[in-house]
S.K.: 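This is the structure I have questions about; it appears just below.
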Amino acid sequence: MKSTDSLVEVDRSEVRAASFEVRVVEYGPAGPVSPPLPLAFEPFLYLRPEHQALQPAPGPGLSFYLEASTAGRTLAQLHVVIDPASPEMARSPAQAPFGAVQLAPGVGIAGLHRLLDKAESELARRGVRQLTMRSYPFAYDPIGAAALAETLRQRGYRVALAEQNYYLDPARGYEAHLHPSERRRLHKCRRHGLHVEQEPPFLLPAAYAFIQACRQERGQELSLPLERVEELFRKFPREHFLFSVRQPDGEWAALTVAIRVHERVLYNFYPASPLRCNALSPVVLLNEGLHAFAQASDVAVLDLGTSTLDTGPNASLLHFKRHLGGVAGLRLSWEKTL
């Protein structure tokens, strides 16, 4: 899944010695273009230009690229959208689980300061007074996320939202790290003949209806309409998957949409199961299937997502993720008055 750009590695000592330059590129509704200099890292799916083009941007956007001219590579990138209804406000991402700055290994705080100096001054010049950024989970890139968090802290950003993020480590055994109660449910699913399947994409409309009905039973709504999910499967077929748990009679007991956000990250995006299956808890078996897929695909992080409601943390969901053997992490959203 690596792009040609990501196959080119930049030596870390070369990164540290690089003379940084920041390029600013304005874009419109079609989304940002690829950086003039190839990226020195594999971009997260949501930060790829072709995915950004699918994110409705209500106003003009700006891309900021930290370049090392000696290495001939782009070492970091930030895409920001200005709100036309409130042009003093800018945010990253336009519409995606996260945006903010992604950086190459070896880029330190000095490089991030250079990038953000330019971004803030350019946005202020255009009348922007407040910038908000929702960053990726620390588990995706612990060193990069820590460097970004420290840089933002030094620059006077405040944490607008801190969310607990749980993930499974595919290098660890799945069943061995389950809470005893979840292990019993896993065995019960097996005794009742339930099994995991990877479903073909043509079943997406039926799968979406199933997931939507399950969420509505719990008073929840899906964040994306079917047409948008179909477009994502169509545009990024190698990054989007359907996994299910089927009963012996072939009926679905659980479903999810899984997204390959990065070569090392698989995101369990839309897990769902009907209330009638609560006694079996087939989502435990579903996650075992995702865990096995992640292992076979050399994935390092199986992201179970955050557990935040409008009213605050979803305590029962956090409890369930811990019982699955989930490792606690953090995702931060930042804001600053320019």
S.K.: Apply the test side-chain contact (heavy atoms from CB on, under 4.5 Å) to residues Leu232 and Glu239: give CA-CA distance (whole Å), side-chain angles for both, the deciding distance (0.1 Å), then the verdict.
M.R.: CA-CA 9 Å; Leu232 291 170; Glu239 288 84 11; over 6 Å; no
S.K.: Checking Ser63 now: which residues fulfil side chain to side chain donor-acceptor pair (under 3.5 Å) with it, not counting sequence neighbours?
M.R.: His79
S.K.: Tell me the closest heavy-atom pair linking Leu266 and Ala258, and the distance in Å.
M.R.: CD1-CB, 4.1 Å
S.K.: Would a distance-only check, ignoring hydrogens and angles, find a side-chain to backbone donor-acceptor pair under 3.5 Å from Lys321 to Thr306?
M.R.: yes
S.K.: Do Leu75 and Leu103 come close enough that some side-chain heavy atom pair is under 4.5 Å?
M.R.: no
S.K.: Going by side chain to side chain contact (heavy atoms under 4.5 Å, CB included), His323 matches just one of Ser281, Ser181, Pro180. Which one?
M.R.: Ser181
S.K.: If we count only N and O atoms by modelled type, under 3.5 Å, do the side chains of Tyr157 and Thr151 hold a donor and an acceptor together?
M.R.: no
S.K.: Less than 4.5 Å apart, side chain to side chain, heavy atoms only: is that true for Arg134 and Arg331?
M.R.: yes
S.K.: Could you pull out the closest heavy-atom pair between Ala176 and Arg183, with the gap in Å?
M.R.: O-NH2, 3.5 Å
S.K.: Is there a path from Tyr208 to Phe202 through hydrophobic residues (I, L, V, M, F, W, Y) whose side chains come within less than 4.5 Å of each other?
M.R.: yes
S.K.: Measure up the Trp252 and Phe210 rings against each other and bin them: parallel (under 30°), tilted (30 to 60°), perpendicular (over 60°).
M.R.: perpendicular
S.K.: Side chains of Val301 and His262: does their closest heavy-atom pair fall under 4.5 Å?
M.R.: no
S.K.: Hey, does Glu88 have a side-chain heavy atom less than 4.5 Å from the side chain of Gln130?
M.R.: no
S.K.: Phe236 and His51: aromatic ring centres closer than 6.0 Å?
M.R.: yes
S.K.: About how many Å separate CZ of Arg322 and CG of Leu317, when rounded to the nearest 0.5 Å?
M.R.: 10.0 Å
S.K.: Less than 4.0 Å between a side-chain N and a carboxylate O, is that true for Asp141 and Arg264?
M.R.: no
S.K.: So does Pro170 get a backbone contact from the side chain of Gln295, meaning a donor-acceptor N/O pair under 3.5 Å?
M.R.: yes
S.K.: Is Val80 linked to Met89 within one hydrophobic cluster, defined over Ile, Leu, Val, Met, Phe, Trp and Tyr using a side-chain heavy-atom separation of less than 4.5 Å?
M.R.: no
S.K.: Can you find a side-chain donor-acceptor pair between His291 and Glu175 that sits under 3.5 Å?
M.R.: no
S.K.: Does some side-chain heavy atom of Phe293 sit less than 4.5 Å from a side-chain heavy atom of Leu302?
M.R.: no
S.K.: With a 6.0 Å cut-off on the ring centroids, do Phe269 and Tyr267 count as close?
M.R.: yes
S.K.: Any link between Val101 and Tyr65 through a network of hydrophobic side chains (Ile, Leu, Val, Met, Phe, Trp, Tyr) touching at under 4.5 Å?
M.R.: no
S.K.: Is there side-chain contact between Leu255 and Ser244, with heavy atoms separated by less than 4.5 Å?
M.R.: yes
S.K.: What I want to find out is whether Glu199 reaches Arg246 closely enough, with some N-O distance under 4.0 Å, to be called a salt bridge.
M.R.: yes
S.K.: Looking at every heavy atom in both Pro248 and His192, which two are closest together, and how far apart are they?
M.R.: CG-O, 3.1 Å
S.K.: Measure the shortest side-chain to side-chain distance between Asp303 and Tyr140 over non-hydrogen atoms and say whether it is less than 4.5 angstrom.
M.R.: yes
S.K.: Could you tell me whether the side chain of Thr74 and the main chain of Leu37 form a donor-acceptor pair under 3.5 Å?
M.R.: yes
S.K.: If Ile, Leu, Val, Met, Phe, Trp and Tyr residues are connected whenever their side-chain heavy atoms lie under 4.5 Å apart, and connections chain through other members, are Leu226 and Leu203 in the same group?
M.R.: yes
S.K.: Looking at Ala279 and Lys188, what are the two nearest heavy atoms and their distance?
M.R.: O-NZ, 3.4 Å
S.K.: Looking at every heavy atom in both Leu115 and Leu66, which two are closest together, and how far apart are they?
M.R.: CD1-N, 3.9 Å
S.K.: Is there a continuous path of hydrophobic side-chain contacts, each under 4.5 Å between heavy atoms, that joins Val25 to Leu47?
M.R.: no
S.K.: Salt bridge check, Glu221 against Arg215: does any charged N sit closer than 4.0 Å to a carboxylate O?
M.R.: no
S.K.: Going by an N to O cut-off under 4.0 Å, is there a salt bridge joining Arg276 and Glu251?
M.R.: no
S.K.: Among Leu161, Leu131, Val159, find the residue that satisfies the side chain to side chain contact (heavy atoms under 4.5 Å, CB included) test when tested with Trp334.
M.R.: Val159
S.K.: Look at the aromatic rings of Tyr46 and Phe98 and report parallel, tilted or perpendicular, splitting at 30° and 60°.
M.R.: perpendicular
S.K.: How long is the straight-line distance from OH of Tyr270 back to CD1 of Ile259, given to the nearest 0.5 Å?
M.R.: 8.5 Å
S.K.: Please indicate whether His319 has more than 12 foreign heavy atoms, meaning atoms of other residues, nucleotides or ligands, lying under 6.0 Å from its NE2.
M.R.: no
S.K.: Indicate yes or no: at least one non-hydrogen side-chain atom of Phe64 is less than 4.5 angstrom from one of Val24.
M.R.: yes
S.K.: Could you tell me which non-hydrogen atom of Pro32 sits nearest to which non-hydrogen atom of Pro49, and how far apart they are?
M.R.: O-CB, 3.2 Å
